[in-house]
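Notes follow the structure.
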Amino acid sequence: AADTIKIGVAGAHSGDLASYGLPSVNAAKLVADKVNAEGGINGKQIELLVEDDVCKPEVATNTATKLVSSGADVVLGHICSGATKAAMPIYNNAGILVMSPSATNPALTKSGEYPNFFRTIAPDDAQAEVDVEFALNTLGYTKLAVIHDKGDYGKGFAEYAKKYLEESGKAEVVLFEGVTPGAVDYSAIVQKIKRSDAEAVIFGGYHPEASKIISMMRKKRLEADFISDDGVKDQTFIKVAGEDAEGAYASGPKDTTDNPLAIKAVQEHKETFDSDPGAFFQNAYAAMLAMVNAIKVADSTELDALKKALQTEKVNTPVGEIYFNEQGDAVGVGFSVYQVQDGKFVEM
Amino acid sequence: MLKLENVQAGYGNILAIKDVSLEVEEGEIVTLIGANGAGKSTTLMTISGIVRCRSGKIFLGSQEIHSKTPDEIVKQGICQVPEGRHIFPMLTVRENLDMGAFMRKDKEKMREDLEYVYSLFPILKERRNQDGGTLSGGEQQMLAMSRALMARPRVMLLDEPSMGLAPLIIKKIFQIIKKINSESNTTIFLVEQNANQALQIADRGYVIESGVITMSGQAASLLANPDIQKAYLGI
Amino acid sequence: MFSLKEIQRCLLLSLWFVFLTFPIMVIKVDPFERIVHWRWENILYVAVGSFFLSLIFRMLLRKTEGGGAKALGAVSLEKTALITRILETPKYRNTLIISVLAVGLVFPHIFSTYQTNIMITALMYVMLGLGLNIVVGLAGLLDLGFVAFYAVGAYSYALLHLHFDIGFWTALPIGGFLAAIFGIILGYPVLRLRGDYLAIVTLGFGEIIRLVLENWGEFSQGPSGISSIARPGFFGIELSLNSAIIYIYYLMIIAIIITIFVVNRLQDSRLGRAWIALREDEIACQAMGIDKRKTKLVAFSLGAFWAGIVGVVFAAKTTFINPASFTFLESAIILSIVVLGGMGSIVGVIVGAFILILLPEYLRALSEYRMLVFGAVMVLMMVFRPQGMIATIRKTYTIPKDDQD
Amino acid sequence: MDKPILEVAGMTMDFGGIRALDTLDLEVYSGEITALIGPNGAGKTTFFNCLTGIYTPTRGEIFLNPPGGGHKIDLKGLLPNKVTEYGLARTFQNIRLFPRMTVLENVMIGRHCRTRAFIVGAIFRGPRTRREEKEIIDMSYAILEKVGLKRFVNEYAQNLPYGAQRRLEIARALATEPSLLLLDEPAAGMNPQETRNLDELIRDISKDGLAILLIEHDMKLVMSLSDRIYVVDYGKKIAEGKPEEIRANADVIKAYLGE
Amino acid sequence: MEYFVELLFSGLTRGAIYALIALGYTMVYGIIGLINFAHGDIYMIGAFTAYLVATVLSIYGFPLLAIIVLAGLAAAVWSSAYGYTIEKVAYKPLRQAPRLSPLISAIGMSIFLQNYVLLAQTSDFLPFPTLIPDWAFMEPIAHIISSTGITILIVTTVIMLLLTLLIKYTRIGKAMRATSQDKTMAMLVGINVNRVISVTFIIGSGLAAIGGLLIATHIGQINFYIGFIAGIKAFTAAVLGGIGSIPGAVLGSLILGLTEAFATGYISSDYEDVFAFSLLVLILIFKPSGILGKDETKKV
Ligand SMILES: Nc1ncnc2c1ncn2[C@@H]1O[C@H](COP(=O)(O)OP(=O)(O)OP(=O)(O)O)[C@@H](O)[C@H]1O
Ligand SMILES: Nc1ncnc2c1ncn2[C@@H]1O[C@H](COP(=O)(O)OP(=O)(O)OP(=O)(O)O)[C@@H](O)[C@H]1O
Ligand SMILES: [Mg+2]
Ligand SMILES: [Mg+2]
């Protein structure tokens, strides 16, 4: 459509992963409303097309074709790497730019198979690097256990963590295992961690398992440190694990508390949806801003123009002032490690 | 005692009994004879409320029972020895007998009755701890009969109680029927292929053909009736 | 149309539902701020909603109840729904088939790629359903792990393509046969299990396959899956995405036609009869000289074969697969397709697949209520059509008229 | 007299404590009708189950002499379907039809072990398969005609009246072209009229020269039909001989017939 | 050695948890031969009810004991109510239907219940209040088994014993067994089959609720999806032990739990479920009707 810019928003909006997908929808709405209020992009209004993919590859292809059929110009999404990979070829074929707030699988950018893919979140390897670096150099641990939730996101992260730990030569990985998400009891694996004499646990996955494990660790009087990814850096983690969460570390986008844009974003969210934003909200918000800016600069939604704009133009976003490299990863997204201190994530 | 008025019943869209009216007086032995598929079992199942009575009325004494549920009907004192025995396969013989007396509270009398049926069928006593499902056909038939006896019903519906039994036992079964009828004045409604013997002990009889009562009368007169002799007595 | 008594019962019912849903619907707590929201308004919605629903429910039930045997199951040949009657009279049947086929052929040209795409998914499930129908519908073997064979098919293509760059057409039969072999390997030891024990073992097997794919990264690339799998080749010509989708669509149409043909033939063959008999009474079957184990194995592996084939297509269509697509829920859905459509009925399976696969897509309109409605529909359909949407049509044989004994 | 088609020697069957069969010897000859009678629980049905491979006897031999000649076959411990292929067919005391298949289909199943068509045949349905299929239908239909169930051909088996079901079981067994037919209380639940028809039916079946082993409690039928009678009690053979001998036998009268 | 003991108790805890759900499964299956897939979700609803009631009460400052009692009661009452209603709505109309129809109805019901809770409450994980405090006297072995763990073990054992007695000796128990074997005949001896079935569902669901309460306390969090996962495991356990048998359900659960714990402890938790299911397959191959399951003795 010539008179409006159609932005697809795809991700898990129902099912058990909904809580990771819905915040992006809110972010998209906020940005779109703001831009439209200011007269749109070069006079064109933004129209959002929100589609659910339940984080399942086969559904994602349907979602993608639906978006393409209904003429989306660019897409914010998808949420899960698997779904994203399944959907990309369809967007690629239609020459549509896709920017994900949360798909962290490195291959998405590094393999070069997805030229039209961009993301505002650091890939697994980058995150793992930060965590490992922190565990080794800041905390100076030498024996670590790496645990993951067998999931797309968690296992990817964990494998890189293991890789870097071993390469560093400074520490040994005393345990590398996956836990079954949703299991009714984690005492066995905790006993095993205990037995491995790990000084710290690096966990790859989301907060539900994280809080179960850390609680069980404390129940079993296991005081080893707990270091994790930004799937865990979520208020819910602290709230569910409560006392036990104290002292746990989690990596995430560079501190957003003093970034004016971030503060504003959260503010808007509170006003519009009277609740705190959820997982990946900031990344989604940033992605929207980046895409909007690119469209404005390129004054078109044609892929190459957009890519050029994204790679050259710096944008100010909640996650920092960013632009994108050849592969599509955001440059300038600071990453840092937080610790839970009396109920809050505090940047280290 | 038991009274059916123009009863209709069936399965799915098959009408198995189209128009059945009959009456059983208190303390009577009445038999229902008919060819295979005539609707005898269906009649009994309808009285017991297992098969829904689609139209017509069924009375026990003065009250209507055709809209009652099977368990309510049993509570009224109507009890059936169903076709095909329906032994609880994984309950022991003893437990099967207890189930027969499910409605009863009088523990003492129950123990007596248990001894009584054991005395009637010693084999059952022998096998009291064997699973009902593993009994031989005839043993199961005896068990089914005994289970019904355990209920001490006012009205007893018997569907081919002699099926699969050895000649000696068949004699015995008919003796028993007569006995409980005369001793404890139990009303008996008897369905038999073995029409000859049935009519021997019965007071009255009905003939059912493809779902309709076609003839009725005193047992003796039915025995004498040439058509019946030809059709059902194999004479 | 409603007696006062019925109205009363419905009122009581809605009261009951108000009570039932009270904690979940009314109370909502914010454990962190320690605030309780009492959502009293919901009581009203529940009350009114359940009242009218129960009215409708009664009305419909009254229809279906039309006097059935209470304790003894009754079946009869005359009992036929309209659809079944249409299908039984050749004249109507043919016209129906022709028109369905016609629609099927022009479909991708009148509808959007999206429509075509979900239609392909539906068609894939039709095939899965027909495959499982052999196992469950005909042979009466309850298989809750059918998705395992689907996965075997999908991964055999994905891996063959990844490591040896083997193309779709070569992989198609391989995938099918591998799945069939898995079927035999599993079936051989467990097929002597009775009904639901078999069910749970197959369920376990399905899970095992998934878990292995998930954890054995070296082999299957684990949860991050296998990407950029080639779409089916078209005489070496590179197809654009849209035409590729349309191409796959037609492939599926052909595949379906073949499947229907085969299943149909199997159904009223010596083998098919043996399956059905086996479902009815195993001991009698053996006494009739049927080799129980062999017959079951054949059914099991044939079903698996089909699942394998569809698996390959699946991999080729999505071009990316990971274990997330092969959960128990998939098996459950496929089974539902078979039962809900009408056990052992080909048309039934087709109808079932279209309902259960297209429904969630078209329910997107309801956004978050999508799956809620989906679940409810499944229950209602079973309640109102316990035999399934379409009753099986057993082949009847014509007899020379003159003789009536 | 030529050699028996079935020779059973020292057949014994134990169920936990219970000895259902106790060193039973028995022989059946082609063209003859042999009856096996005895009190309830004597072990008759168990005997059938042992013959047909549903149970494996604790002890004893079972040999079949194929009527066409050839050396004898040891049936002990074979699977039921094998036994049937060798030419033993049975009916069940508690009817075991395929309830939700039509009458004709029930009989067609009987032809299974005498026909070959398999997957490929089923799918491509070549001339051989078609011929076979036609043969199955025709033959099944003929058998139904013989047992007088023609009018039920397309009726579901479960909807048949009891007596008809019993006859359907016989028809189904006949379809397997047995050389020895085992009937377990075929007359149970039939009225005298029907029993008489059954009598004729069994007679003209045996005219076709196959052997019949009959379990029955209806003495009228047994006495009129059988050439030889075995009487068992508590799993033991207590008498053997011609009907009139048996009728006269004191033990049999005491244990079974009664006055 | 200590490690072994620790794993042993982890396994027992896990097993006991499965058992709490498996018991309900087995009862329902025993009576109408239905794999009640909605059972796991009834357990979930039990947990949610307990969660809501407990949190509300604690916000209004009730004492812990009162909270436990009331929450437990509420959970039991409502779960039973759900169980009862579900049977009436989704299964009773299907008594005469083909064997698989109720199964599908159950799957649909399961999907429905999950999304019902998801919509009426939330998709997020919620912190479940710790209802069972860590007792002082447990401190020395707290690293081996938690107070909650012990409680679960004890409760499970007690329930198992009670149920066994109920089934074997009480009138209703006899009625249940009769109903499960031959409904027609059960009616003919005067059993109200519908009531017996309802009672079974009520008891089964009540148990699920107790389970929900204890397990949620143990895990410390709940969401709408917990029922499904636990449900499958519990059902597996029930079958393993011989479905329909009360002690079987518990035995099967314990075996399953121990297998998983030791697999995790000595091999790898990556494959814990693989081991669990492989064990199932193996046992069933050698014991086709489960460990304590009685094979149907239908005489030929
Ligand atoms: N479960 C059933 N479903 C459908 N039709 C049935 C069913 N049971 C019986 N019928 C039909 O109902 C009719 C009457 O059957 P019923 O069993 O009452 O006859 P019957 O007089 O008892 O015969 P029998 O002497 O063989 O017991 C028969 O035509 C039979 O086909
Ligand atoms: N599986 C089993 N377990 C235990 N006992 C059994 C089993 N099967 C049969 N029996 C017993 O073996 C004996 C013989 O049973 P069988 O069925 O052969 O008797 P039958 O001669 O056929 O009697 P009927 O004439 O009543 O059919 C019976 O006492 C029966 O209780
Ligand atoms: Mg009858
Ligand atoms: Mg017998």
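Just so it is clear, the structure is predicted and the values come from calculations on it, not from any experiment. Below, chain A is the first sequence line, B the second, and so on; all start at residue 1.
For chain A, the nearby parts of C:S224 are the backbone and the side chain; heavy atoms of each come within less than 4.5 Å. Looking at C:E361, the atoms closer than 4.5 Å to chain A (heavy atoms on both sides) all sit in the side chain, from C-beta outward. Contact annotation for A:N93: only side-chain heavy atoms (C-beta onward) come within less than 4.5 Å of a heavy atom of chain C. Heavy atoms of A:Y114 lying under 4.5 Å from chain C belong exclusively to its side chain. Looking at A:N105, only its side chain comes within 4.5 Å of chain C, counting heavy atoms on both sides. Within the 4.5 angstrom heavy-atom criterion, only side-chain atoms of A:E113, from C-beta onward, approach chain C. Contacts of A:K150 with chain C are made by both backbone and side-chain atoms, with heavy-atom separations under 4.5 Å. If you measure heavy-atom distances from A:I90 to chain C, the contacts under 4.5 Å come from both the backbone and the side chain. Of the two parts of A:S81, neither the backbone nor the side chain holds a non-hydrogen atom closer than 4.5 Å to a non-hydrogen atom of chain C. Only the side chain of A:S69 comes within contact range of chain C, with heavy atoms under 4.5 Å apart.
Ranking C:L211, C:N117, C:T113 against chain A, the residue ahead of the rest is C:N117, based on heavy-atom pairs under 4.5 Å. Contact tally against chain C (heavy-atom pairs below 4.5 Å) for A:K66, A:K85, A:K155: the top residue is A:K66. Chain A forms the most heavy-atom pairs under 4.5 Å with one residue out of C:P360, C:S325, C:S228, and that residue is C:S325.
Contacts of residues 214-222 of chain C with chain A at a heavy-atom distance below 4.5 Å involve C:E214, C:N215, C:G217, listed in sequence order.
Screening A:N92, A:L97, A:T109 for a side-chain contact (heavy atoms from CB on, under 4.5 Å) involving A:F117 leaves a single residue, A:T109. Exactly one residue among C:L128, C:T121, C:I334 makes a side-chain contact (heavy atoms from CB on, under 4.5 Å) with C:I357. That residue is C:T121.
Heavy-atom minimum distance, C:I120 versus C:I245: CD1-O, 3.4 Å. Of all heavy-atom pairs between A:D149 and A:P181, the closest is O-CD, 3.5 Å. The heavy-atom pair separating A:G112 from A:P115 by the smallest distance is O-CD, 4.1 Å.
Salt bridge A:K56/C:E330: present, at least one basic N to carboxylate O contact under 4.0 Å.
By the ring-ring contact (aromatic ring centres under 6.0 Å, His included) test, C:Y247 pairs with C:F234, sequence neighbours left out.
Checked against the 6.0 Å centroid threshold, C:F111 and C:Y249 do not count as a close aromatic pair. Between A:Y91 and A:H78, the distance from one ring center to the other falls under 6.0 angstrom. For an aromatic pair to be called close, the ring centres must be under 6.0 Å apart, and A:H148 with A:F176 satisfies this.
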Would you check, one step at a time, whether the test salt bridge (charged side-chain N to carboxylate O under 4.0 Å, His left out) holds for A:K162 with A:E166?
CA-CA 6 Å; A:K162 179 159 175 284; A:E166 280 160 353; 3.6 Å; yes

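Enclosure of atom CD in A:E243 is not indicated, since only 12 or fewer non-hydrogen atoms of other residues, nucleotides or ligands lie within 6.0 angstrom.
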